[in-house]
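All of these numbers come straight from a predicted model, not from anything done at the bench. Numbers restart at 1 for each chain; the letters A, B, ... are given by sequence-line order, proteins then strands.
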2 protein chains.
Amino acid sequence: MSSAPGWANVNERRNLPPALAVSTVILGIREGQDGGPDKLCLPLVRRIRQPHAGLWALPGGPVDARESLGQAAGRNLAETTGLRPSYLEQLYTFGDIDRSPTHRLVTIAYFALLNADQVGATVQDENVAWFDIDDPSIAQLAFDHRKIVDYALWRLRNKTEYGQIAHRLLGERFTLAALRGVYEAILGRRLDPANFRRTLKNTATIEETDEYLAGGQHRPPRLYRYVGHGPDPLEVDPTQA
Amino acid sequence: MSSAPGWANVNERRNLPPALAVSTVILGIREGQDGGPDKLCLPLVRRIRQPHAGLWALPGGPVDARESLGQAAGRNLAETTGLRPSYLEQLYTFGDIDRSPTHRLVTIAYFALLNADQVGATVQDENVAWFDIDDPSIAQLAFDHRKIVDYALWRLRNKTEYGQIAHRLLGERFTLAALRGVYEAILGRRLDPANFRRTLKNTATIEETDEYLAGGQHRPPRLYRYVGHGPDPLEVDPTQA
DNA sequence: GATACTTAATGTCAGAATGACTCTAACGAA
DNA sequence: TTCGTTAGAGTCATTCTGACATTAAGTATC
């Protein structure tokens, strides 16, 4: 939305058809500092034009007439942040009349997940930065984007099938401890390692490999793999977008 | 969408900004015939203009620049069917490039529930009719509306908090048997009456009244009331819409 | 009025799932 | 070799769940 051509810069509200945009809440996982719990984090872009110039905002932009909504989300994401997430899901469409001070704007919000490798490989500059989800400096965002972020977190916490989501935040293979860290970051509380292991072993969407993670300080943990079933009926395939 | 003014009737795809519309899947409950289970049903409108003239479609229409999306859904609903549902929730936004043969159309789908009284008071005419959810004559609908209906049903079945939804499909007070009928219609299977009673009594969002339903054939059942808590973060208040 | 029939409502019991906890295994560091 | 830490398995009491039996309370029929 920071680089949004094609929208009339009207300072007066007119009876024009609503402009259509997409914005994406991108969530990744960051390892906890000195023994602390893992944390969810997200990249934001700084707005370089009015309205709300200088404020942090969700990456996004207008919907082109020749692309689907999911494609628009993926394209805007790549253009503004260089990221290509492994998971993309439509979140909600925000269309209150006065959510933008300059024009009537309907935004289709998307929800993306990045695995640890992708988070580490992200370039940050003056206008793109990562924030912890509870960083007080992003308590206020441009437009109603703070509301959108809160809704994304609410949706994430209320997912019934965590396996799929957790594995998108990690790589292809992962330890049970790493997976537990993801769960703890999402739920915001510690989980019993033994019970967590037991329940996941019964879940059947996670299977053990013959590999172990070497190089750690202690007993090397076994690596596991996600063997998920089909997606939700309307989940976006980001490889097409 | 059957009475949709304001859209250019272009037969050729042009690079215009996408048109914005709302459509609503309205679900109600209908008592089962001769001992059979209750059934979910929905009203559809017949399209009277191209494209897809003559086919059944979801009620809906364009979004006016001076109304919010929820308001647009409620207004279009009242205009096309005369219904004012007690529950309205945004479902999903459909924006594939070729979902309409004549123009680029982005539709924000809503999901509404009617209680039994409202279903009974509905007028049907040549262009508005109710169908059982499994009626084979609505296997095909205009545009991608069949996909939208299927997604609404999927969402309904995957709701974690049924209490709220169930009570919107019934009146203010209801028997546990009626509530069980709603659950059975949604889930598509019979439930054990005794176990159903036990789990609901532990749910705490349903409390018993001192009244009983008289006039039945057998022992009169106690009436219950829903004492739900706050709504989802983004649930639409249809009294404002 | 007695009996049968149907539904309402409660109770019982075994198996599954869950939370708190203990114990052993396997590595690196000292 | 010993210690500290994490991996991983096991125990036990409690709760939840499905299947089923039992009693209560009304109407319909004879």
Side-chain angles (χ1 to χ4, degrees), chain A residues 31-38 157 159-163 166 170-171 173-225, chain B residues 31-38 157 159-163 166 170-171 173-225:
Chain A
E31 275 189 23
Q33 310 298 332
D34 42 64
D38 292 356
R157 294 193 179 109
K159 280 275 174 191
T160 49
E161 229 284 70
Y162 276 128
L170 302 168
R173 291 153 203 277
F174 45 83
T175 67
L176 287 185
L179 187 55
R180 180 166 49 86
V182 172
Y183 275 70
E184 290 176 344
I186 292 176
L187 297 174
R189 60 189 172 91
R190 298 327 274 261
L191 299 173
D192 184 285
N195 293 337
F196 182 80
R197 171 182 310 273
R198 181 182 55 192
T199 54
L200 271 185
K201 287 224 159 182
N202 295 337
T203 303
T205 59
I206 295 201
E207 74 179 14
E208 60 183 31
T209 70
D210 292 334
E211 299 169 60
Y212 294 83
L213 180 62
Q217 300 279 55
H218 306 290
R219 172 176 172 177
R222 185 187 288 271
L223 289 172
Y224 290 79
R225 174 174 41 210
Chain B
E31 275 190 23
Q33 311 297 332
D34 43 63
D38 293 356
R157 293 191 180 110
K159 279 277 175 191
T160 50
E161 228 286 68
Y162 274 129
L170 301 167
R173 289 152 203 278
F174 45 84
T175 67
L176 287 185
L179 186 56
R180 180 166 48 87
V182 171
Y183 276 69
E184 290 176 344
I186 291 176
L187 297 175
R189 60 189 172 92
R190 298 327 273 261
L191 299 173
D192 183 288
N195 295 337
F196 181 80
R197 171 183 309 274
R198 180 182 55 191
T199 54
L200 271 184
K201 288 222 159 183
N202 295 337
T203 303
T205 58
I206 294 197
E207 74 179 14
E208 60 182 31
T209 70
D210 292 334
E211 299 169 61
Y212 294 83
L213 180 64
Q217 300 279 57
H218 306 292
R219 173 174 172 178
R222 186 187 287 271
L223 289 173
Y224 290 79
R225 175 175 40 211

Q: Give a yes or no on whether the ring-centroid distance for A:Phe174 and A:Tyr224 is below 6.0 angstrom.
A: no
Q.
Looking at D:dA9, I'd like to know if its phosphate oxygens (OP1 or OP2) sit under 4.0 Å from a side-chain N or O belonging to A:Lys201.
A. yes
Q: Evaluate whether atom CD of B:Glu31 has more than 12 neighbouring non-hydrogen atoms of other residues, nucleotides or ligands under 6.0 angstrom away.
A: no
Q: Apply the test side chain to side chain contact (heavy atoms under 4.5 Å, CB included) to residues A:Leu179 and A:Ile206: give CA-CA distance (whole Å), side-chain angles for both, the deciding distance (0.1 Å), then the verdict.
A: CA-CA 11 Å; A:Leu179 187 55; A:Ile206 295 201; 3.4 Å; yes
Q | Whole-Å gap separating C1' (D:dA7) and CZ (A:Arg180) | A | 10 Å
Q | Heavy-atom side-chain contact between A:Val182 and A:Glu184 under 4.5 Å | A | no
Q) Is the shortest heavy-atom distance from the side chain of B:Pro220 to the side chain of B:Leu213 under 4.5 Å? A) no
Q.
How many whole angstroms separate atom CZ of B:Arg189 from atom P of D:dT17?
A. 12 Å
Q) Are B:Asp38 and B:Tyr183 side-chain neighbours, meaning at least one heavy-atom pair lies under 4.5 Å? A) no
Q. D:dA19 C1' sits how many Å from B:Arg197 CZ, rounded?
A. 17 Å
Q: Evaluate the side-chain proximity of B:Glu208 to B:Arg225: yes if any heavy-atom separation is below 4.5 Å, no if none is.
A: no
Tabulate atom names and distances for all N/O pairs under 3.5 angstrom spanning the protein and nucleotides 26-29 of chain D.
{"from": "D:dT27", "atom 1": "O4'", "to": "B:Gln217", "atom 2": "O", "distance (Å)": "2.5"}
{"from": "D:dA28", "atom 1": "OP1", "to": "B:Gln217", "atom 2": "OE1", "distance (Å)": "3.3"}

Q) What's the CG-P distance between B:Leu191 and D:dA19, to the nearest Å? A) 10 Å
Q. Any ion pair linking A:Glu211 and A:Arg173 (charged N to carboxylate O, less than 4.0 Å)?
A. yes
Q. Taking 5' to 3' order, which nucleotide of DNA chain C is first and which is last to have an atom within less than 4.0 Å of a heavy atom in chain A?
A. C:dT18 to C:dA29
Q: Let me know the distance between CG of A:Leu223 and C1' of D:dA7, rounded to the nearest Å.
A: 13 Å
Q.
Regarding A:Ala194, tell me which of base, sugar-phosphate or nothing describes its non-hydrogen contacts under 4.0 Å with the strands shown.
A. base
Q) Hey, which of these two, A:Arg198 or A:Tyr224, hits DNA chain D nearer its 5' end, going by closest nucleotide? A) A:Tyr224
